[in-house]
Amino acid sequence: MDYKEEVLKLLSKFVKDPILEIPPNPELGDYAFPCFSIAKVQSKSPNEIAKELVAKLKPNKYVNKILVMGPYINFFINKDILAGAAIKNILEKKDSFGKSNIGKSKKQMIEFFHANTHKGVHIGHIRNICLGESISKILDFSGYNAIRANYQGDIGPHVAACLWGLLNMQERVPKENKALFLGEIYSKVNELMKNDKKIQEGVREINKKLYSGDKKIVSLWKKSREWCLKDFNKIYKDFGVKYNKLYFESEVEKDAIKISNNLLKNKIAQVSDDAVIIDLKAYDLGVAVLLTRYGTPVYHSKDIALAVLKSKQYKLDKSIHVVAKEQEFYFNQLFKMFEIIKSPLANKSLHLIYGLVMLPEGKMSSREGNVVLYKNLINKIKEETLKETQKRHKWNAKKLEEVSNKIAFSALKYSMLNRENNKIILFDWKTSLNFEGDTGPYVQYAYARASSILKKSKNKLNPDYLLLKDPFELKLVKHMSNFPFIVREAATHYRPDIIANYTHNLAQIFNEFYHNCAVISEDKPLEAARLSLVKATMQVIKNSLNLLGISVLEEM
RNA sequence: GGGCCUGUAGCGCAGCCUGGAUAGCGCAUCUGCCUUCUAAGCAGAGGGUCGUGGGUUCAAAUCCCAUCAGGCCCGCCA
């Protein structure tokens with residue numbers, strides 16, 4: 001039962017697809033219907049419409065008061081059933097509260113993380129993995145079948161550059177953090193080759209050898225690649241991602257060449273400056289290169305081959321690429337090519353755009369080496385949360401670490417998800433080490449406090465929901481019952497930030513309640529009713545944090 | 001030169017799709033609140049030409065046009 005639904009039911013007898021608003025002040029009502037749109041169609045004054053309409057609307061057991069306020073019709077939910085219905089619903093549905101089936105089991109492959117091997121994993125990749133996993137969870141929760149995939153760049157010029165460094169720079173390979181070491185080599189080689197044609201030539205040679213299967217190069221590649229993949233696996237674990245499918249550029253590279261040559265044969269592609277290209281100027285999309293003048297495939301052709309591979313393995317309703325804004329033009333090209341060559345993923349592909357993570361100095365670049373590495377960041381955050389946890393609790397080392405790690409990931413994930421996708425994130429250390437206000441830890445804290453109330457109370461009475469009539473209680477109840485609508489909104493727009501915002505707001509409202517309404521008290525019936533409200537709040541916080549990939553804590 | 005995105009308080013953001021009731025939130029600043037369920041909290045104060053200029057409308061942060069500022073992209077990197 002949902003009372004927004006009840007109001008809509010009531011209204012929809014007279015109005016087609018009414019849109020409800022929440023009045024600015026709860027004293028004005030619980031929901032409002034503005035009559036301006038009808039006024040326009042019927043060319044009457046909205047105040048008049050409101051008066052006429054309200055005469056037709058009959059209060060019922062859910063909506064017990066309907067008032068006109070100028071051009072608005074304000075609906076008052078029956079306070080006696082408001083809390084009870086909502087709380088019962090939440091406590092019955094538990095982890096499924098908010099779940100829907102708007103997706104009708106449609107298969108949506110969502111491709112994310114996309115880190116390349118032989119390069120450092122930085123905070124840009126972290127925004128990507130947080131977004132991808134959260135969106136997957138939101139889709140699953142909304143009845144879609146989200147297929148998590150990762151397409152990893154394990155081959156190509158950047159890898160060749162790194163291998164060149166391994167062969168020529170005589171740096172000692174460390175025992176630990178080998179992936180980080182490779183990232184450093186990579187940016188060092190880029191620095192060296194900037195003005196050095198010989199090194200550029202050497203890197204190109206290695207790239208060619210890599211593609212042609214030179215034994216020595218391939219074995220070095222396999223070994224170093226493994227270091228990175230091991231690191232990636234650790235990161236997947238950190239972020240709770242279980243991929244259905246891991247793709248590699250190296251597995252589509254041969255098909256990419258084949259497909260390119262076929263397109264050339266069929267005159268869809270052409271040779272230009274010794275490279276194989278598709279001319280997309282007719283669509284204002286410039287020119288897309290499939291094969292370089294050296295015959296090596298580039299990302300366009302590899303992505304075309306990947307689409308073929310994906311379609312062979314899955315019957316997809318949609319293929320979503322979580323990739324930063326900077327590649328928008330590229331995806332426009334790619335999707336146009338899908339249409340031209342009648343790829344099975346034509347018109348089923350979506351570039352899910354998010355803004356870059358920028359440093360105060362500007363854009364991050366693995367080539368330049370001016371990146372904030374994931375490892376450094378998470379370690380720093382963990383250090384900070386450990387300090388804070390130690391201040392508050394005398395736990396053993398194991399528990400301290402366990403809890404502070406969860407808080408650290410909550411802070412990191414939340415900060416990557418609480419902004420609208422298009423927004424650029426300007427990274428700064430101070431903000432990412434803040435655990436107050438609009439942060440993950442703040443929300444976790446509300447949950448921990450709630451949990452602590454439950455532990456302290458021994459009340460076993462059946463709750464009488466009629467006792468919940470305090471404005472703080474009702475505000476909380478109303479906000480919670482909005483959760484299913486919020487999830488739907490987040491799912492249709494692929495926007496975890498909507499969930500993050502909602503959750504923060506929920507925690508705020510709970511904290512207001514917490515400070516204004518003592519749960520544990522002499523009044524045992526009231527205590528029982530409030531306990532049920534606390535339980536419901538915990539459930540909704542848990543469900544929404546779960547969609548962000550953030551875990552809850554009983555104590556912190 | 002072209003395309004896309006962003007511009008809301010000192011800073012970071014939500015609201016814009018679907019125009020409506022006093023423009024919300026967080027950080028920072030200032031003032032209170034731990035003998036009462038965890039102060040990673042709460043209450044209060046100050047802080048706004050919603051980039052600018054037009055237009056549409058009874059009504060514009062929201063829609064349209066123009067313009068300015070910042071960011072990213074525009075064939076052999078991904």
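Quantities reported herein were computed from a predicted structural model and do not represent experimental measurements.
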Whole Å only: how far is the [atom1] atom of [X] from the [atom2] atom of [N]?
X	N	atom1	atom2	value
A/Asn501	B/C13	CG	C1'	8 Å
A/His504	B/G15	NE2	C1'	16 Å
A/Glu420	B/G15	CD	C1'	11 Å
A/Gln200	B/C76	CD	C1'	14 Å
A/Met69	B/A21	CE	C1'	9 Å
A/Asn505	B/A14	CG	C1'	10 Å
A/Leu545	B/A40	CG	P	18 Å
A/Asn116	B/C77	CG	C1'	9 Å

Sub-4.0 Å heavy-atom contacts from residues 528-538 of chain A onto RNA chain B, ordered by number: none

Please tell me which of the listed nucleotides, [options], lies nearest to the side chain of [X]?
X	options	result
A/Asp273	B/A78, B/C76, B/G71	B/C76
A/Thr389	B/A21, B/G75, B/A40	B/A40
A/Glu326	B/C37, B/C73, B/C5	B/C73
A/Arg419	B/C13, B/A78, B/G26	B/C13
A/Asn434	B/A21, B/C27, B/C37	B/C27

Pick base, sugar-phosphate or nothing for [X], based on heavy-atom distances below 4.0 Å to the nucleic acid.
X	result
A/Ile353	nothing
A/Asn190	nothing
A/Met358	sugar-phosphate
A/Ala32	base
A/Val519	base
A/Ile424	sugar-phosphate
A/Glu555	base
A/Gln270	nothing
A/Lys325	base
A/Ala275	base
A/Lys302	sugar-phosphate

Shortest non-hydrogen contact between [X] and [Y], atoms and distance:
X	Y	value
A/Ser224	A/His118	OG-NE2, 2.9 Å
A/Tyr414	A/Gly440	CG-N, 3.3 Å
A/Leu533	A/Thr537	O-OG1, 2.8 Å
A/Ser260	A/Leu290	OG-CB, 3.6 Å
A/Gly120	A/His125	O-CE1, 3.6 Å
A/Met193	A/Gln200	O-NE2, 2.7 Å

Side chains of [X] and [Y], donor plus acceptor under 3.5 Å:
X	Y	result
A/Asn418	A/His504	no
A/His321	A/Ser349	no
A/Tyr151	A/Asp303	no

Within 6.0 Å of CD in A/Glu326, more than 12 heavy atoms from elsewhere: yes

Syn-anti status, with the boundary at 90° from 0, for the nucleotide B/C11: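 It is anti.
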
Anti versus syn assignment for B/G75, with syn defined as within 90° of 0: syn

For [N], what is the paired nucleotide under Watson-Crick or G-U wobble rules, both distances under 3.5 Å?
N	answer
B/C34	none
B/C25	B/G12
B/C76	none
B/C63	B/G55
B/U49	none

Cation-pi geometry met for A/Arg127 and A/Tyr354 (6.0 Å, 45°):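 No, A/Arg127 does not sit over the ring of A/Tyr354.
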
Grab the N/O contacts between the protein and nucleotides 41-45 of chain B below 3.5 Å, and write none if there aren't any.
unit_1	atom_1	unit_2	atom_2	d
B/G41	OP1	A/Gly437	N	3.0
B/G41	O3'	A/Asn511	ND2	3.2
B/G41	O2'	A/Arg449	NH1	2.6
B/G41	O2'	A/Arg449	NH2	3.3
B/G41	O2'	A/His515	NE2	2.8
B/C42	OP1	A/Tyr442	OH	2.5
B/C42	O4'	A/His515	NE2	2.9

Pair A/Glu328 + A/Lys325: basic N to acidic O under 4.0 Å: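 Salt bridge: yes.
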
